[in-house]
Amino acid sequence: MNIFIDNKKYEIKEGKNLLEACLQLGLNLPYFCWHPSLGSVGACRQCAIKLYKDEDDQKGRIVMGCMEPVRDNVRISLEDPDAKGFREQVIGWLMTNHPHDCAVCDEGGACHLQDMTVMTGHNYRDYRFSKRTYNNQDLGPFLNHEMNRCIQCYRCVRYYKDYAGGKDLDVFAAHNHVYFGRCSDGKLESEFSGNLAEVCPTGVFTDKTLQSHYTRKWDLTYAPSICQGCSLGCNTSAGERYGTLRQIANRYNGEVNGYFLCDRGRYGYEFVNSSQRIYEPAMRPHSNGTIHREHIIEHVAARLKNNKVIGIGSPRASLESNFALKQLVGAEHFYLGMSDSDHDHTSLALKILKEGPVRTPSLHETEHADAILILGEDLTNTAPMMALAVRQAVRQQPMHEVEQQLHLAQWQDAPMREAIQDRKGPLFILNTFPTKLDELATAVHRGAPDNLARLAFAIAAKLGADVTPVSDLQEEEKILVKQITDALLAAEKPLIISGYGAGCDHFMKAAANISWALQQQGRNPMLSLTLPECNSLGLEMLGGHRLDSAIDVVKQGEADTIIILENDLYRRADEHVIDELFRHAKEVILVDHLYNQTAEKATVLLPAGTFAEADGTVVNNEGRAQRFFQVFVPKGSVQESWRWFLQIADKAQVPRLSGLQNLDDIIWAMCVAVPFLERVQQIAPHADFRINGQKIPRESHRYSGRTAMLANENVSEPKPADDIDTALSFTMEGFRGEPPAPLIPYFWSPGWNSVQSVNKYQTEIGGHLHGGDPGLRLLEPHVNGRPPYFREAPDRYVPIPGHVHVMPLYSIFGSEELSMYTKGIAHAAQDFFCMYMNPEDMHQWGVSPGVWVSFDVDHHTYQMVAVPNHWLPRGIAALNAGLPRAKIIDLPQCIRLSGSETLEAAR
């Protein structure tokens with residue numbers, strides 16, 4: 001439709017408000033309380049414009065742009081003197097109590113309030129009296145709190161409570177004395193609290209981890225990156241200064257994470273700066289003399305020539321590094337570095353997504369599901385941003401009803417929430433443990449994993465799936481099956497979610513069956529499957545043998561040298577299994593970036609670059625391949641893992657890697673060898689890409705102090721490193737316009753120094769980036785023929801006397817390997833010596849809380865502290881998964897209790 005702004009005609013999409021329309025057209029209209037994901041409440045009064053009745057109206061009236069819908073032929077003015085004066089007056093009274101501390105404020109120079117103050121022309125403070133002051137709170141290890149900078153825009157509580165579902169941040173008092181904080185000091189409980197640092201338009205909430213090694217944001221070197229914390233592939237901007245990673249910020253991707261990140265993804269980067277980093281090659285045993293890297297490369301190359309070398313890949317390493325290792329040792333000698341259960345779940349997920357007729361949604365599409373069934377997954381702990389998307393999805397059905405009944409637009413946040421109240425769309429959760437999403441659920445059903453999976457198979461059968469009927473359901477279960485079935489059939493976009501969290505592959509099979517049956521019923525279902533790590537699906541696409549077969553090969557003497565890629569094998573199998581593997585190996589060559597338990601057994605260490613020091617590709621849970629780029633040149637001899645393998649191959653004269661020198665070369669070779677990955681070449685521009693003959697700078701044009709940074713070494717500014725792998729430069733020099741979406745290192749636009757500048761990069765506000773969002777999907781549904789249903793439901797679970805079925809229990813803080821090098825995350829992690837058990841089982845076996853319980857796994861005895869858990873069914877136990885020093889890795893397992901002793905006796 002057409003709108004007129006200051007007598008100029010524009011075309012704009014229907015359904016927007018006038019503030020969005022102006023921003024989308026590239027016009028500068030200041031605002032505070034509005035946010036694309038939070039909608040409009042009209043609280044700050046900063047986006048005032050003049051609205052006219054028609055072209056003859058010369059007087060008009062002042063309205064708030066965020067509260068007025070776009071109408072055909074509407075006439076408004078941004079430049080009208082009354083509107084400009086109103087906006088300047090508003091910023092004036094908002095600034096009456098704001099401190100004059102921009103020079104020391106963490107947000108200084110990257111502050112939305114500063115941008116809007118300049119935009120309104122507010123140059124001088126008129127207020128001459130004492131300012132209101134507050135006491136600040138300790139909000140934990142991730143966020144600083146400085147309430148004196150608050151302008152009462154209410155964004156923080158609207159995001160934290162309404163959007164993210166947090167309970168412990170609120171607004172207190174009223175009028176000009178409102179206070180945004182907790183009832184008392186204490187860590188914010190929400191797993192998404194870190195987004196407050198970007199949601200807040202001032203410096204009230206700022207990144208405490210950045211402050212611990214503070215630098216101005218414009219003095220950071222940035223690169224586009226991908227979060228390593230889970231399988232969802234959220235887009236990030238990683239910032240470096242003085243050779244250390246200092247901040248992870250959100251990088252907008254309209255299809256994936258949008259405007260937000262979880263706290264693990266935002267703060268779990270300190271492993272890059274860890275004291276456990278490996279910076280130089282090493283070899284055992286070694287002489288007292290210096291060992292040169294060339295000597296070590298020659299040593300590894302010589303081992304390759306004996307034809308008894310195997311390679312073990314990694315789900316946390318890039319496609320390129322895994323491919324290079326596979327080519328180095330040969331496909332027949334390459335093993336997937338995943339635990340048996342992780343491999344089983346990932347290979348099953350790949351089979352379902354490749355062969356099934358139902359599409360996997362992006363996180364953006366997940367937000368628009370209008371009925372959801374979650375099978376055996378605690379999303380907050382295994383795929384946090386998917387849990388945040390589900391929170392938005394449960395509002396879809398009531399919002400559509402309100403839209404039709406009251407003719408309200410979804411961006412009208414306050415009246416929409418008032419009309420909806422506590423109404424929620426259908427959400428059903430079948431899980432053994434309570435989850436944070438339970439409070440939103442229409443119905444929650446708990447039980448043993450196999451019994452819950454049988455219930456899911458019954459749902460599939462009722463939907464018409466070609467599966468064996470489940471006939472022994474209780475009356476309560478039959479009612480629940482009908483309730484869920486009816487809700488899914490009534491929905492336009494039903495979503496089924498499952499994954500690896502419960503360690504039960506029957507959940508994933510049942511989820512596939514249900515979605516496929518819905519598709520045959522003429523619905524438009526979606527199917528999401530969570531996976532263990534950032535590149536689990538990519539590694540499975542690349543292909544390789546199981547890890548347990550690698551152990552057999554070494555034990556049988558068919559191989560005596562192991563090359564391990566970015567993998568601590570003690571996290572992939574039980575300790576005694578990996579100990580035996582290393583006892584039989586003559587040479588263990590580890591290419592990794594951290595000194596871990598596997599590194600203690602290695603005979604050769606080669607320092608690998610982290611995601612911040614390397615370039616590569618990972619594939620997320622929906623099959624979206626995405627590129628991450630090197631942020632800075634690392635210390636010492638650190639380089640990409642794939643580059644080590646190319647250098648070794650050159651010495652060993654491996655023809656499969658002959659002639660490859662840079663990232664583009666190895667991607668080309670990978671796509672030739674694995675045609676399924678061919679589209680990976682299209683993810684980002686090649687290294688020779690230029691705009692007006694220039695590369696894309698990693699540094700802001702305001703970047704300062706380059707000469708002074710190394711003045712202790714040389715007063716002359718050194719030549720910047722040359723990046724032969726990408727179209728990015730390690731300087732501030734280069735093309736200053738908007739780069740292609742995959743190459744955007746940070747968001748900035750004239751007059752927009754804060755993260756709000758992203759609106760200048762979008763085709764529509766809250767929509768896609770110009771040219772499309774980064775990443776390409778490698779998987780699309782296979783719609784021809786009959787779905788490959790999984791016909792057999794599991795048998796009903798029956799407890800075995802003296803045995804317990806041990807499930808993994810995942811946590812957002814603690815279960816992921818690398819984020820545990822961040823102190824705040826490590827402090828929030830659970831105890832790795834706890835075994836959660838049903839209290840009735842404990843009573844029957846004479847086990848008291850706090851007692852050390854002994855049990856046997858594969859003829860090895862372990863001890864854990866018994867902790868009662870009332871949610872666990874009889875015969876089911878649980879261990880915190882993924883924690884350091886954990887002895888039992890490959891869960892679930894059925895274990896036999898062998899006795900117990902008191903805590904005092906164990907000590």
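What you see below is based on every heavy atom in this structure, not just the backbone, and it leaves out hydrogens, waters and symmetry mates. Computed from a predicted structure; not experimentally measured.
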*H213 side chain vs T244 backbone, donor-acceptor pair below 3.5 Å*: no
*Please determine which of E533, E817, E816 meets the salt bridge (Lys or Arg N to Asp or Glu O under 4.0 Å) test together with R316.*
E817
_Residue list, salt bridge (charged side-chain N to carboxylate O under 4.0 Å, His left out) with K217, at least two apart or on another chain_ = E107
*What do the steps show when you test R702 against S704 for side chain to side chain donor-acceptor pair (under 3.5 Å), and what is the final call?*
CA-CA 6 Å; R702 299 185 291 166; S704 62; over 6 Å; no
_Filter on side chain to side chain donor-acceptor pair (under 3.5 Å), then keep only pairs touching residues 626-642, sequence neighbours left out; what's left?_
N235-Q626, E280-S637, E566-S641, T617-R627, Q639-Q647, E640-R643
*With side chain to side chain donor-acceptor pair (under 3.5 Å) as the test, would you mind laying out the steps for N257 and N250 before giving the verdict?*
CA-CA 8 Å; N257 50 301; N250 179 69; 2.5 Å; yes
*Is the closest side-chain donor-acceptor distance between R241 and Y703 under 3.5 Å?*
yes
_salt bridge (Lys or Arg N to Asp or Glu O under 4.0 Å) contacts in which one or both residues fall within residues 333-342, not counting sequence neighbours_ = D340-R546
_Is it the case that atom CD in Q653 sees more than 12 heavy atoms from other parts of the structure closer than 6.0 Å?_
no
*Without hydrogens or angle criteria, can the side chains of S658 and R656 be said to hold a donor-acceptor pair below 3.5 Å?*
no
_Classify the ring geometry of Y810 against Y500: parallel below 30°, tilted from 30° to 60°, perpendicular beyond 60°._
perpendicular
*asked:* Check whether D207 reaches the backbone of T209 with its side chain - one donor and one acceptor, N or O, closer than 3.5 Å.
replied: yes
*For residues L778 and A625, report the shortest heavy-atom separation together with the two atoms involved.*
CD1-CB, 3.9 Å
*Between S536 (side chain) and P315 (backbone), is there a donor-acceptor pair under 3.5 Å?*
no
*Decide side-chain contact (heavy atoms from CB on, under 4.5 Å) for N253 and L769; before the verdict, give the C-alpha distance in whole Å, the side-chain angles of both, and the deciding distance to 0.1 Å.*
CA-CA 7 Å; N253 185 315; L769 295 173; 5.7 Å; no
*Indicate whether any N or O donor in one side chain lies under 3.5 Å from an N or O acceptor in the other, for N621 and T530.*
no
*asked:* A quick test of your reading: do over 12 heavy atoms of other residues, nucleotides or ligands sit less than 6.0 Å from CD of E678?
replied: no
*Provide the closest heavy-atom pair for P745 versus I696 in the form atom of the first, atom of the second, distance.*
CD-CG2, 4.2 Å
*Without swapping roles, check the side chain of T598 against the backbone of L569 for a donor-acceptor pair under 3.5 Å.*
yes
*Without hydrogens or angle criteria, can the side chains of Q681 and H686 be said to hold a donor-acceptor pair below 3.5 Å?*
no
*asked:* Whether R698 engages the ring of F730 as a cation-pi pair (distance to the six-membered ring centre under 6.0 angstrom, angle to the ring normal within 45°) should be assessed.
replied: yes
_Using the ring centroid of each side chain, check whether W218 and H701 are separated by less than 6.0 Å._
no
*Is the backbone of G824 close enough, under 3.5 Å, to the side chain of T822 for a donor and an acceptor to pair up by distance?*
no
_Could you report the tightest heavy-atom contact between A602 and L590, atom names first, then the distance?_
CB-CB, 4.0 Å
*Of all residues at least two apart in sequence or in a different chain, which pass the salt bridge (charged side-chain N to carboxylate O under 4.0 Å, His left out) check with R303?*
D560, E587
*Between the main-chain N or O of V619 and the side-chain N or O of N535, is there a donor-acceptor pair closer than 3.5 Å?*
yes
_Quick check on H299: does its NE2 atom have over 12 non-hydrogen neighbours (other residues, nucleotides or ligands) under 6.0 Å away?_
yes
*Measure from the side-chain N and O atoms of D592 to the backbone N and O of L606, and report whether any donor-acceptor pair falls under 3.5 Å.*
no
*Partner set under salt bridge (charged side-chain N to carboxylate O under 4.0 Å, His left out) for K651, not counting sequence neighbours*: E294, E298
_Pairing donors with acceptors under 3.5 angstrom, does anything connect the side chains of S231 and N620?_
no
*Using only heavy-atom distances, determine whether the side chains of N273 and E270 contain a donor-acceptor pair under 3.5 Å.*
yes
*Hey, does the side chain of K326 reach the backbone of E332 with a donor-acceptor pair shorter than 3.5 angstrom?*
no
*Distance-minimising heavy-atom pair for M385 and C234*: CG-SG, 3.6 Å
*asked:* Keeping T236 on the side-chain end and A238 on the backbone end, is there a donor-acceptor pair under 3.5 Å?
replied: no
*Between Y252 and Y761, is the ring centre distance below 6.0 Å?*
no
*Where do L594 and R277 land on the side-chain contact (heavy atoms from CB on, under 4.5 Å) test, with the steps shown first?*
CA-CA 5 Å; L594 289 168; R277 286 297 306 275; 3.8 Å; yes
*asked:* Against the six-membered ring of F676, is K354 placed for a cation-pi contact (under 6.0 Å from the centre, within 45° of the normal)?
replied: yes
_salt bridge (charged side-chain N to carboxylate O under 4.0 Å, His left out) partners of E622, counting only residues at least two apart_ = R624, R777
*Counting distance only, does the side-chain N/O of D219 pair as donor-acceptor with the main-chain N or O of T215 below 3.5 Å?*
no
*asked:* Looking only at the aromatic ring of each residue, does the gap between the centers of Y267 and F142 stay below 6.0 angstrom?
replied: yes
*Taking all heavy atoms of I296 and all of P281, pick out the closest pair and write down the distance.*
CD1-CB, 3.4 Å
*Can the ring centroids of F271 and Y821 be said to lie less than 6.0 angstrom from one another?*
no
*No-hydrogen, no-angle side-chain donor-acceptor test under 3.5 Å, S274 and Q276*: no
*Considering all heavy atoms, the nearest I310-V554 contact*: CD1-CG2, 3.7 Å
*Are side-chain N/O atoms of N596 and R571 paired as donor and acceptor at under 3.5 Å?*
no
